[in-house]
Amino acid sequence: MNTGRISTVLRNGKAGDAVTIAGWVRTRRDAKTFSFVEVNDGSCVASLQVIADQSLPNYQADIVKLTTGSAVACRGVLAVSPGKGQALELRAASFTVFSMAPSDFPLQKKRHSFEYLREIGHLRPRTNSIAAVARLRNSMSFAAHTFFQERGFAYVHTPIIGTSDCEGAGEMFRVTTLPPDNPPRDENGGVDFTKDFFGKKASLTVSGQLEAEIYALSLSRAYTFGPTFRAEDSNTPRHLAEFWMIEPEAAFFDLDDDMALAEEFVKYLVRHALDKNQDDLAFFNERIDTSLLATLSAIAESEFARVSYTDAITILEKANESFDFKVAWGSDLQTEHERYLAETTFGKPVIVHDYPKQIKAFYMKQNDDGKTVRAMDVLVPRIGELIGGSEREDRFDVLRARIAELGLSEKDYWWYLDLRKYGSAPHAGFGLGFERLMLLVTGLQNIREVIPFPRWPGNAEF
RNA sequence: UGGAGUGUAGCUCAGUCGGCAGAGCAAGUGGCUGUUAACCACUGGGUCGGGGGUUCGAAUCCCUCCACUCCAGCCA
């Protein structure tokens, strides 16, 4: 079946063109001697208005009974539409009905709540909103790869399953093939994981960073883009149990290079959306967030603010604002503090850098002041933390001492330490939560809407 | 996981002081019409989230459980 895409027909078609399209009926309106059938194939927000005349052989039998959700194909000729709302319409010469959606089809020609749509994950991409998310997500994925490819970063597939028990980024999902009801026991009565598939405890990855460092210290520039798993009991509009993270890692990069890369990356992606997904963004701007286009244009053109953690604390202490959480040097910035900085103080994305070492991970490079590390977070209005990154500790002795100081086991990190022993080099990287980016570019409120099949506590149906 | 809120027709919601279960949309039937979430009329459609209690009587008050949403924490 040689069908055209509706996006192409609407963009390039002219009156008189013979075309065939296929898709799903959004709505039908009957006139005296013909029917208006709006068909959408997911290629763009717009549907194509098909004129089905009563002279069609299956007019009475099928067409006037078409329901929302039915699957059809139409062959005919494009014509200038005399009605308002569309430039072109398709005058059908033949009209095939593949299947008629019964009356209990869950999607109707009206707005549904996103909560309801989550319950019908198998059908929700047939809505304008979720289809627009899917197209934009595809476009953003492609742009992320293009950005790094253009800059000499190699795409590295880091493992999904790992056995390092202490990456320090939250609760992990255990991977095992041991029988849950009667696992092998060791002499202390505990589960004997040496009998497990990998010979030790294994989990789904919480970050590809440590492995990305291996490739950064061989290819110089590498990045990962893959699924990431956190078994936290999180129930918020910004967290998922399974999400996609982009993690570039570059040798001979210091924190300033890292921050510059992060800023360039975010702007590149936003600009790409503004350039290549105008129709979908216009849809979100109209239906979801009327300030979206203005916000994205501002981000694309703004210079991100940079402020040290210490200066940020000073700003927050002087702020004429009653925070629920006390501001104090040495404690982590709360969401309310981050939003105040991004939304009120600077009114644009802000990069906070050089955090106290006690609130950051062991692998971050220590400053000479003995108190802070070369870490940075990119905070954006409305979303909060979009990116977290750092320059990595590349000095063998310093890293080893830090591991000991935190009571971590050196033998768990033997290969990570080896990287500092053999040809160590300054390097830095960051992690960008892909779904957080999607929140930014769609204007949507809940992260469960911007991933095709969201997973959160109690939910993994589709 | 803590705090707050919500749960009524397929969907979105109203339901007053505890007194016969409602509207719009969707579906079905008929009508009208180059329509635009088309329109008009009629028809069918209910475990009021589940369980327990108070009461002559509970969608409504009380207890409990469940689900979802928002805020917060964990973070990306």
Side-chain angles (χ1 to χ4, degrees), chain A residues 26-38 46-53 64-65 67-69 79-86 89 91 100-120 123 127-128 167-172 206-209 227-247 262 287 323-325 332-339 359-361 377-380 383-389 430-440 445-451 456-459:
Chain A
R26 282 297 171 79
T27 179
R28 190 197 82 241
R29 296 178 290 272
D30 297 324
K32 191 163 196 168
T33 60
F34 62 93
S35 228
F36 299 98
V37 184
E38 277 190 31
S47 300
L48 181 64
Q49 176 166 288
V50 179
I51 307 300
D53 192 80
V64 296
K65 292 178 183 162
T67 49
T68 301
V80 172
S81 176
K84 293 175 191 143
Q86 62 280 316
E89 63 190 23
R91 305 275 166 83
M100 201 76 88
S103 65
D104 61 352
F105 181 59
L107 290 170
Q108 295 167 16
K109 40 189 181 185
K110 62 170 210 164
R111 188 179 292 226
H112 291 283
S113 70
F114 285 117
E115 297 82 50
Y116 170 65
L117 293 179
R118 275 177 225 146
E119 296 169 9
I120 48 170
L123 297 171
T127 64
N128 285 334
E167 292 181 41
E171 293 294 312
M172 301 166 90
V206 293
S207 165
Q209 180 204 316
T228 310
F229 308 89
R230 303 277 164 90
E232 303 288 345
D233 193 5
S234 294
N235 219 293
T236 88
R238 298 183 307 283
H239 292 85
L240 291 166
E242 176 180 296
F243 63 101
W244 287 66
M245 188 148 67
I246 300 172
E247 295 177 289
R287 300 290 185 88
F323 294 117
D324 291 336
F325 289 84
D332 215 347
L333 297 179
Q334 302 294 315
T335 297
E336 58 177 348
H337 306 141
E338 295 180 343
R339 293 191 61 167
I359 58 173
K360 289 293 181 182
D377 284 351
V378 178
L379 313 176
V380 296
I383 315 294
E385 187 176 342
L386 176 65
I387 286 175
F430 62 78
L432 175 140
F434 189 58
E435 286 75 21
R436 297 248 174 113
L437 172 80
M438 289 300 300
L439 288 177
L440 180 69
Q445 300 288 323
N446 195 308
I447 202 162
R448 295 162 192 170
E449 267 68 80
V450 299
I451 187 167
W456 75 96
N459 289 274

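Since the structure is predicted, the reported quantities are computational estimates derived from the model, not experimental observations. Naming convention: chains lettered A, B, ... in sequence-line order (proteins, then strands); numbering from 1 in each chain.
The listed nucleotides are B/G34, B/C68, B/U12; the one nearest the side chain of A/Ser113 is B/U12. Checking B/U35, B/A76, B/C71 against the side-chain heavy atoms of A/Phe243 singles out B/A76 as nearest. Residue A/Gln49 places its side chain closer to B/U35 than to any other of B/C75, B/A37, B/U35. When the nucleotides B/C70, B/C68, B/C74 are ranked by their closest atom to the side chain of A/Pro237, B/C70 comes out on top. Residue A/Gln108 places its side chain closer to B/C11 than to any other of B/C74, B/U36, B/C11. Here the side chain of A/Asn235 is nearest to one of B/U33, B/A38, B/U69, namely B/U69. The listed nucleotides are B/A72, B/G34, B/U1; the one nearest the side chain of A/Gln334 is B/A72.
Place A/Ile51 and A/Thr335 on RNA chain B by their nearest nucleotides, and A/Ile51 ends up nearer the 5' end. Nearest-nucleotide mapping onto RNA chain B: of A/Pro457 and A/Gly85, the residue sitting toward the 5' end is A/Gly85.
Here B/A37 sits opposite no nucleotide as a Watson-Crick or G-U wobble pair (both hydrogen-bonding atom distances under 3.5 Å). A 3.5 Å limit on both hydrogen-bonding distances identifies no Watson-Crick or G-U partner for B/A14. Using Watson-Crick or G-U wobble geometry with both donor-acceptor distances under 3.5 Å, B/C48 finds no partner in any strand shown. Look at B/A27: its Watson-Crick or wobble partner, with both distances under 3.5 angstrom, is B/U43. Pairing of B/G5, defined by two Watson-Crick or G-U wobble distances under 3.5 Å, is identified with B/C68. Base pairing analysis places B/G19 opposite B/C56; the two distances defining the Watson-Crick or G-U wobble pair are each below 3.5 Å.
The base of B/U36 lies close enough to the side chain of A/Gln86 for a donor and an acceptor atom to sit less than 3.5 Å apart. In terms of polar N and O atoms assigned as donor or acceptor, the side chain of A/Glu232 never comes within less than 3.5 Å of the base of B/U1 in a complementary pairing. With hydrogens and angles ignored, a donor-acceptor pair closer than 3.5 Å exists between the side chain of A/Glu89 and the base of B/G34. Contact of A/Arg91 with B/G34 (side chain to base): a donor-acceptor pair of N or O atoms is detected under 3.5 Å. Taking 3.5 Å as the limit, the base of B/C74 and the side chain of A/Arg238 contain no donor-acceptor pair of atoms between them.
What separates CD of A/Glu338 from C1' of B/A76 is a distance of 11 Å, to the nearest Å. The nearest whole Å value for the distance from the CD atom in A/Gln209 to the P atom in B/A76 is 9 Å.
Taking a centre distance below 5.5 Å and an interplanar angle below 30 degrees as the stacking criterion, A/Phe36 does not stack against the six-membered base ring of B/G34.
Distance alone, capped at 3.5 Å, is enough to place a donor-acceptor pair between the A/Glu336 side chain and the A/Asp324 backbone. The closest donor-acceptor contact from the side chain of A/Arg238 to the backbone of A/Arg436 lies at 3.5 Å or more, if one exists at all.
Contacts of A/Leu386 with the nucleic acid, taken as non-hydrogen atoms under 4.0 Å apart, involve only primed sugar atoms and P, OP1 or OP2. Across all strands, A/Leu437 comes closer than 4.0 Å to no nucleic acid atom at all (heavy-atom distances). Heavy atoms of A/Thr228 sit nowhere under 4.0 angstrom from any nucleic acid atom. Here A/Gly431 lies in heavy-atom contact (under 4.0 Å) with sugar-phosphate atoms only. A/Phe34 comes within 4.0 angstrom of a base, heavy atoms only.
At least one side-chain heavy atom of A/Glu435 sits under 4.5 Å from a side-chain heavy atom of A/Trp244. Here the side chains of A/Leu107 and A/Thr68 are not in contact, with every heavy-atom distance at 4.5 Å or above.
A/Phe36 and A/Phe34 have perpendicular rings, their planes meeting at more than 60° on a 0 to 90° scale where under 30° would count as parallel.
Within a 6.0 Å sphere centred on NZ of A/Lys65, other residues, nucleotides and ligands contribute 12 heavy atoms or fewer.
Atom P of B/U16 sits at a distance of 9 Å from the matching atom of B/C61, rounded to the whole Å.
Between A/Arg29 and the phosphate of B/U35, there is no side-chain N or O to OP1/OP2 separation shorter than 4.0 Å.
For the pair A/Ala262 and A/Ile387, the tightest heavy-atom approach, listed with the atom from each and the gap, is CB-CD1, 4.0 Å.
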